[in-house]
Number of protein chains: 2
Amino acid sequence: MIPNGQSVESVLASHGVKPTPQRMVIAEYLLNTLDHPTAEEVLDAVSGKLPVALSRATVYNTLNSLKEAGVVREVLAEPGKVRYDANLSNHHHFIDVKTGQIIDVPAEKVEKLGKLLDKKFKVHGVQVTFFGDLQQDESEQT
Amino acid sequence: MIPNGQSVESVLASHGVKPTPQRMVIAEYLLNTLDHPTAEEVLDAVSGKLPVALSRATVYNTLNSLKEAGVVREVLAEPGKVRYDANLSNHHHFIDVKTGQIIDVPAEKVEKLGKLLDKKFKVHGVQVTFFGDLQQDESEQT
DNA sequence: ATTAGTGCAAATCATTTGCAATTAG
DNA sequence: CTAATTGCAAATGATTTGCACTAAT
């Protein structure tokens with residue numbers, strides 16, 4: 001989601017991303033949806049919103065640029081495809097196993113991994129993944 | 001990891017998986033490693049341990065069977081490939097962003113998402129993913 | 001003019017599928 | 001004999017790459 005009041009252009013600028021027309025429409029789309037679209041879905045959604053054609057390669061290039069710049073995060077929810085999330089607030093995800101729908105869950109809701117979500121979320125499993133740096137040393141494992 | 005004392009065969013049996021030679025060597029490998037191998041890595045590791053050839057298709061078939069039967073879990077850590085984890089205890093993962101190394105983190109260690117891991121894990125980000133059923137109703141979102 | 005960004009098509013990588021051959025009950 | 005499993009090769013789907021073209025400093 002786009003920080004209140006900020007323009008798409010200023011979001012890109014503040015992350016050091018040069019605002020080309022293609023990047024603008026892609027970022028605008030991502031910053032204004034609650035969905036977690038794939039590259040293909042981004043392409044479908046924004047092609048036509050631009051006077052010129054928008055190529056698949058550019059969508060992939062742009063998504064990678066936005067990811068590197070920290071404007072979007074990758075979400076690995078299903079095997080074989082990457083989804084993108086421009087919600088920069090601290091949050092997690094709930095995935096409906098039936099439909100594949102992905103719903104943002106604010107970090108505050110994840111205080112205790114017990115009784116944490118709304119009753120409407122029947123949790124079958126939780127997968128917590130930490131990303132970080134491992135200090136190599138001689139002592140034992142986790 | 002294989003439950004202490006149990007044979008690979010009994011693990012398969014208790015999950016209703018028919019023990020073919022191919023499945024046996026694959027399951028044995030997965031149940032005895034701390035790694036989180038890809039299908040390709042499984043193939044490399046077990047081919048040669050069988051009198052006959054082991055085809056890629058069979059590795060994929062077997063991994064899917066084991067997953068469906070609940071003998072292994074999928075781990076989505078990097079885009080584009082699936083890793084497999086036969087540690088059936090309640091745990092999460094730490095991924096070293098430099099090397100890609102994936103380390104199991106026991107669930108008890110994830111009590112508070114603040115000061116939770118060994119000092120040697122410098123956490124850059126945490127991705128928590130819930131899988132479950134969403135009760136469809138008329139009220140509002142998370 | 002130089003460099004970054006784009007578009008297209010071909011290439012690549014992981015995974016799935018079709019189908020014939022093999023194995024087990 | 002019948003059904004499940006396997007192997008191979010071809011097909012698919014997502015993503016990347018090579019390279020010529022365009023836009024912007």
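Sequence lines set the chain letters: A, B, ... in the order given, protein chains first and strands last, and positions in each chain run from 1. Here the structure is a predicted model, which is why all the values come from computation and not from measurement.
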For this session: For Arg56(A) and dT16(D), give me the distance from atom CZ to atom P, rounded to whole Å.
Result: 13 Å

Exercise. Are OP1 or OP2 of dT6(D) and a side-chain N or O of Thr20(B) less than 4.0 angstrom apart?
Worked result: yes

Exercise. Nearest to the side chain of Tyr60(B) - dT5(D), dT15(C), dT16(D)?
Worked result: dT15(C)

For this session: Check the distance between dT6(D)'s C1' and Leu63(B)'s CG and give it to me in whole angstrom.
Result: 15 Å

Problem set entry | Comparing Leu50(B) and Pro79(B) on DNA chain D - which has the more 5′ nearest nucleotide | Leu50(B)

For this session: Choose from dT16(C), dT6(C), dC8(C) the nucleotide whose nearest atom is closest to any side-chain atom of Ala53(A).
Result: dC8(C)

Exercise. Roughly how many Å is it from CD in Glu78(A) to C1' in dT15(C), rounded to a whole number?
Worked result: 15 Å

Problem set entry | Nucleotide nearest Leu54(B) when distance is taken to its side chain, options dG7(D), dG5(C), dT15(C) | dG7(D)

Problem set entry | Side chain to side chain, Asp104(B) and Asp85(B), heavy atoms closer than 4.5 Å | yes

Problem set entry | Interatomic distance, Leu43(B) CG vs dT15(C) P [rounded to whole Å] | 12 Å

Exercise. If you check the Ala57(A) side chain, which of dC8(C), dT6(D), dT15(C) turns out closest?
Worked result: dC8(C)

Problem set entry | Minimum-distance nucleotide (side-chain atoms of Asn64(A) versus dT6(D), dT16(C), dT16(D)) | dT16(D)

Exercise. Side chain of Lys18(A): nearest nucleotide among dG5(C), dT15(D), dT5(D)?
Worked result: dG5(C)

For this session: Kindly point out which of dT16(C), dT15(D), dT6(D) is positioned nearest to the side chain of Arg23(B)?
Result: dT6(D)

Exercise. OP1, OP2 of dG7(C) versus side-chain N and O of Ser55(A): anything below 4.0 Å?
Worked result: yes

For this session: Indicate yes or no for a side-chain donor-acceptor contact from Ser47(A) to the backbone of Leu43(A) under 3.5 Å, with no hydrogens or angles considered.
Result: yes

For this session: Send over the distance from Glu68(B) CD to dT16(C) P, rounded to a whole Å.
Result: 10 Å

Exercise. When you check the phosphate oxygens OP1 and OP2 of dT23(C), does a side-chain N or O of Gln22(B) lie under 4.0 Å from one of them?
Worked result: no

For this session: Using whole Å, report how far NZ of Lys81(B) lies from P of dT12(C).
Result: 16 Å

Exercise. What is the distance, rounded to the nearest whole Å, between atom CD of Glu41(B) and atom P of dC13(C)?
Worked result: 15 Å

For this session: Indicate whether any N or O donor in one side chain lies under 3.5 Å from an N or O acceptor in the other, for Asn87(A) and His36(A).
Result: no

For this session: Examine distances only and state if a side-chain atom of Glu41(B) and a backbone atom of Thr38(B) form a donor-acceptor pair shorter than 3.5 Å.
Result: yes

Exercise. Between Leu76(A) (CG) and dA14(D) (C1'), how many Å, whole number?
Worked result: 13 Å

Exercise. Side chain of Thr62(A): nearest nucleotide among dT6(D), dT15(D), dT6(C)?
Worked result: dT6(C)

Exercise. So, the side chain of Ser14(A) versus the backbone of Val11(A): is there a donor-acceptor pair under 3.5 Å, distance only?
Worked result: yes

